[in-house]
Amino acid sequence: MKKVAIIGLGVIGGSLGMALGATGRYHVIGIDRDPEALRMAAETGAAAEVTGDACTGVRQADVVFLAVPVTAIMEMAEVIKDSLPPRAVVTDVGSTKRLVVETLEKYFSGRFVGGHPMTGSEIRGIRGADQYLFENAVYVLTPDSRTDTQALEMVRAVVEDTGARVLCVSPEEHDLMVAAVSHLPHLLAVSLMNLAAGVAAEHPETLTLAAGGFRDLTRIASSHSSMWRDVYATNRRNIVEVSRRLRSYLKTIEESLLREDFDAVVAEMQRARRERERIPLRTRGLLPAIYEVMVTIPDRPGSIAEVSTAIAAEGLNIVDIEIVRVREGDGGTLRVAFKKSEEADLAQRVLKERGFVARRR
Ligand SMILES: NC(=O)c1ccc[n+]([C@@H]2O[C@H](COP(=O)([O-])OP(=O)(O)OC[C@H]3O[C@@H](n4cnc5c(N)ncnc54)[C@H](O)[C@@H]3O)[C@@H](O)[C@H]2O)c1
Ligand SMILES: O=C(O)C(=O)C[C@]1(C(=O)O)C=C[C@@H](O)C=C1
């Protein structure tokens, strides 16, 4: 059994421990400075043994995951560097990579492999952890010319055992890409939320009007500032760069609006819709798309059960399910996904026969 030490049992470290523990192939040693996180990790199965002392925790490890905030990753590396077995491999889960890789290679040279799971939660700590968080998520590894091939393959194998799909890119490329798809979106969520709060100071009902669109766009603004502080501090140049590009883009849109050139604005909307369709679905990561049926369900007890029972009766397996919209007193829309197109066709037919409004998407 491989021994994996996880330093930091929060959303990411806790989820990792749960996922690896559940395979039965790993002995997980959980390390945290917070006794409550240690207690919960032991209770939820995120770790088979726990300790507050990082040096003791890593002493027997084959692989060490650093799952603390980015600045603490670099501090923790210094703390554990002399306690590791010589063949141990070290990896991290930090949201930025260039500085982390540069720093940790100084301590562990080729035995360090940078990593970043592209999944997470706005809920902080092990309470936000989830055994299935990594399933089908993209997990970036950032090997460079110094990385030992065996170390990379070892980390890849452990990561794939969580159900995640590995994508290798350079630390520099990673930092620019996540500035665009993760860090700027966070900054925008914060900006939108504070902007709306400013309008609400003059018009108190403003936030009452915030519906799905606003909530979707601002969810990440609920996440904890201590993690994000480190992200901004260690990727500030890329964040400023994409923020500049955004400001120039917004300026172009503003100018079109002032000229009443609505065709130009619509062309941008159409381009965005086309581009968005290229995002691989979260539930299938880098795999081909899943096949979906949208079902309108009435607002009455047992509606969801009726849908799932009808599907199960055909022997069909639902690979993903989501309540897309809830209209109080008026039902809602359910998104049900299948592995194969034929399965989605059959599910749609069966649901229609039972009187549901069901369409393929
Ligand atoms: N939350 C996300 O959505 C997300 C997604 C991908 C990557 N990450 C990265 O994962 C890392 C962890 O983030 P998280 O959201 O799981 O954080 P978290 O706040 O949920 O958990 C961090 C845990 O680390 C512990 N900790 C902090 N400093 C420590 C130290 N010096 N020694 C021992 N334990 C310490 C805390 O007690 C806590 O249990 C960060 O580097 C973050 O950038 C987060
Ligand atoms: O909350 C979520 O859903 C996330 O996946 C969080 C999220 C993001 O998508 O920006 C946030 C920071 C990370 O480094 C990776 C993922």
Side-chain angles (χ1 to χ4, degrees), residues 5-18 29-41 44 46-47 50-58 64-80 91-97 99-100 103-104 114-130 132-142 159 162 164 174-175 177-190 216-235 239 242 279 282-283 285:
I6 302 176
I7 308 184
L9 298 166
V11 175
I12 301 298
S15 303
L16 196 57
M18 288 172 190
I29 307 148
I31 303 155
D32 206 291
R33 61 179 179 189
D34 174 8
E36 181 61 9
L38 293 178
R39 193 189 60 74
M40 281 187 68
T44 55
V50 294
T51 172
D53 181 38
C55 294
T56 312
V58 300
V64 177
F65 278 87
L66 290 157
V68 288
V70 172
T71 307
I73 288 174
M74 296 187 277
E75 291 164 2
M76 206 30 91
E78 162 93 52
V79 173
I80 60 164
T91 184
D92 78 306
V93 302
S95 303
T96 63
K97 293 273 67 79
L99 193 62
V100 171
T103 310
L104 270 69
H116 181 199
M118 295 314 300
T119 180
S121 169
E122 72 283 9
I123 304 165
R124 190 190 193 192
I126 196 163
R127 279 184 187 78
D130 168 2
Y132 302 105
L133 188 72
F134 297 96
E135 207 147 280
N136 295 317
V138 170
Y139 195 120
V140 181
L141 293 180
T142 58
V159 163
T162 67
H174 166 275
D175 285 0
M177 294 193 288
V178 291
V181 299
S182 177
H183 307 166
L184 185 62
H186 176 263
L187 178 57
L188 281 172
V190 168
D216 289 351
L217 281 169
T218 56
R219 174 181 64 86
I220 203 74
S222 293
S223 55
H224 211 272
S225 51
S226 63
M227 171 194 130
W228 283 105
R229 184 199 179 283
D230 284 9
V231 172
Y232 283 61
T234 54
N235 202 23
I239 297 174
V242 288
I279 300 177
R282 158 71 177 89
T283 46

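Keep in mind that the numbers below use all heavy atoms, side chains included, and drop hydrogens, waters and symmetry copies. Atoms within each ligand, like the ligands themselves, are counted from 1 in listed order.
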Working to the nearest 0.5 angstrom, can you tell me the gap between [X] [atom1] and [Y] [atom2]?
X	Y	atom1	atom2	answer
I12	D92	CD1	CG	11.5 Å
I6	S15	CD1	OG	9.5 Å
I80	D53	CD1	CG	11.5 Å

If you look at each N/O of ligand 2, which protein N/O atoms lie under 3.5 Å away, and at what distance?
residue  : atom   : partner : partner atom : Å
ligand 2 : 1 (O)  : S121    : N            : 3.4
ligand 2 : 1 (O)  : R219    : NH1          : 3.0
ligand 2 : 1 (O)  : R219    : NH2          : 3.4
ligand 2 : 3 (O)  : R219    : NH2          : 2.8
ligand 2 : 5 (O)  : G120    : N            : 3.2
ligand 2 : 10 (O) : S182    : OG           : 2.6
ligand 2 : 14 (O) : S95     : OG           : 2.7
ligand 2 : 14 (O) : H116    : NE2          : 2.6

Of all heavy-atom pairs between [X] and [Y], which one has the smallest distance, and what is that distance?
X	Y	result
V70	T96	CG1-OG1, 3.7 Å
F134	P117	CE2-CB, 3.5 Å
P185	A179	CD-O, 4.1 Å
K97	G115	NZ-O, 2.8 Å

Any side-chain heavy-atom pair of M18 and Y132 under 4.5 Å:
no
Side-chain contact test, heavy atoms from C-beta onward, threshold under 4.5 Å: evaluate it for M40 versus L9 and give yes or no.
no
For ligand 1, give me the residues whose heavy-atom distance to it is below 4.0 Å, by chain and number please.
G8, L9, G10, V11, I12, D32, R33, D34, A67, V68, P69, V70, I73, M76, V93, G94, S95, H116, P117, T119, G120, S121, R124, G125, M227
